[in-house]
Amino acid sequence: MVDAHGELLADPYLFSKEVAQVWVMRSSHATMEKGVRTCSVCPGIIDTPLLTDFRATMTDKVVDWTVGQSTGKLCTPRQVADVLTFLGSDAAALISGANVYADYGFSSAMATARSTSPG
């Protein structure tokens, strides 16, 4: 099936993220029956040592543009951990099957055409 739809793999990184997000949504009912909530966190660009690799593969232009489309700040590992802590807490007991975007609103801006591509 993948061979017939090679365009899906034009960007394997984004495709793999999409697969994980769909899995979270599809599996949430079955895991909830077992008392387990299933969620994912979709962070923006995080200031970690991996950022060097992102800059090399995505280019500085795309990374800087992405960061500049929101607050102009990189996400910190602590900020992402705080979102994960919330999702694992009783305060999030009603949340399952959700892909939580923790990217300063970047994804929402892209989805609603509030942002343009880096050109």
Side-chain angles (χ1 to χ4, degrees):
M1 180 170 183
V2 172
D3 290 339
H5 299 283
E7 74 277 5
L8 296 175
L9 297 178
D11 188 335
Y13 174 75
L14 291 178
F15 180 70
S16 66
K17 289 180 80 168
E18 186 77 15
V19 167
Q21 291 174 8
V22 171
W23 181 85
V24 164
M25 292 184 288
R26 289 188 53 95
S27 67
S28 65
H29 184 74
T31 59
M32 194 65 147
E33 289 177 343
K34 297 175 181 170
V36 177
R37 293 182 291 112
T38 305
C39 296
S40 77
V41 173
C42 308
I45 297 175
I46 306 170
D47 190 8
T48 69
L50 188 58
L51 183 56
T52 302
D53 291 337
F54 272 111
R55 288 189 175 280
T57 58
M58 294 174 63
T59 75
D60 286 333
K61 178 182 177 180
V62 172
V63 169
D64 293 341
W65 172 84
T66 301
V67 172
Q69 291 300 299
S70 56
T71 63
K73 298 185 287 187
L74 295 166
C75 299
T76 68
R78 175 59 188 235
Q79 289 172 310
V80 178
D82 287 344
V83 175
L84 291 165
T85 300
F86 165 72
L87 288 172
S89 74
D90 289 341
L94 298 176
I95 301 173
S96 188
N99 295 293
V100 178
Y101 291 88
D103 62 1
Y104 290 115
F106 173 78
S107 295
S108 295
M110 291 298 292
T112 59
R114 298 279 185 217
S115 184
T116 58
S117 68

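All values below were derived from every heavy atom in this structure, side-chain atoms included, with hydrogens, water molecules and symmetry-related copies excluded.
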### Task
Say whether Phe86 and Ile46 are linked into one hydrophobic cluster, either directly or through other cluster members, by side-chain heavy-atom distances under 4.5 angstrom.
yes
### Gap separating the CE atom of Met32 from the OG atom of Ser27, nearest 0.5 angstrom
11.5 Å
### Query
Between Cys39 and Ser96, which heavy-atom pair has the shortest distance, and what is it?
SG-CA, 3.9 Å
### Message
Any heavy-atom pair between the side chains of Gln79 and Tyr104 that's under 4.5 Å?
### Response
yes
### Message
For residues Val24 and Val100: do they belong to one hydrophobic cluster (side chain heavy atoms under 4.5 Å, members Ile, Leu, Val, Met, Phe, Trp, Tyr)?
### Response
no
### Query
Looking only at heavy atoms, what is the nearest atom pair of Arg37 and Gly88, with distance?
NH2-C, 3.8 Å
### Query
What is the distance from atom CG of Asn99 to atom OG of Ser28, rounded to the nearest 0.5 Å?
9.5 Å
### Summary
Output for pair (Thr38 OG1, Met25 CE), nearest 0.5 Å, gives 12.0 Å
### Message
Count I, L, V, M, F, W, Y as connected when their side-chain heavy atoms are under 4.5 Å apart, and connections chain through other members. Are Val62 and Leu74 then in the same cluster?
### Response
yes
### Derivation and outcome, salt bridge (charged side-chain N to carboxylate O under 4.0 Å, His left out), residues Lys73 and Asp47
CA-CA 9 Å; Lys73 298 185 287 187; Asp47 190 8; over 6 Å; no
### Query
Between Trp23 and Val41, is there a shared hydrophobic cluster once you connect ILVMFWY residues whose side-chain heavy atoms come closer than 4.5 Å?
no
### Query
Is Leu14 reachable from Phe54 through a run of I, L, V, M, F, W or Y residues, each pair having side-chain heavy atoms under 4.5 Å apart?
yes
### Task
State, to 0.1 Å, how close Leu87 and Ser40 come at their nearest heavy-atom pair, and which atoms those are.
CD1-O, 4.4 Å
### Message
Testing Asp60, Ile45, Leu50 one by one against Arg55 for a side-chain contact (heavy atoms from CB on, under 4.5 Å), which residue passes?
### Response
Asp60
### Query
What distance do Met58 atom CE and Asp64 atom CG have between them, rounded to the nearest 0.5 Å?
10.0 Å
### Query
Heavy-atom distance under 4.5 Å between the side chains of Thr66 and Asp103, does that happen here?
no
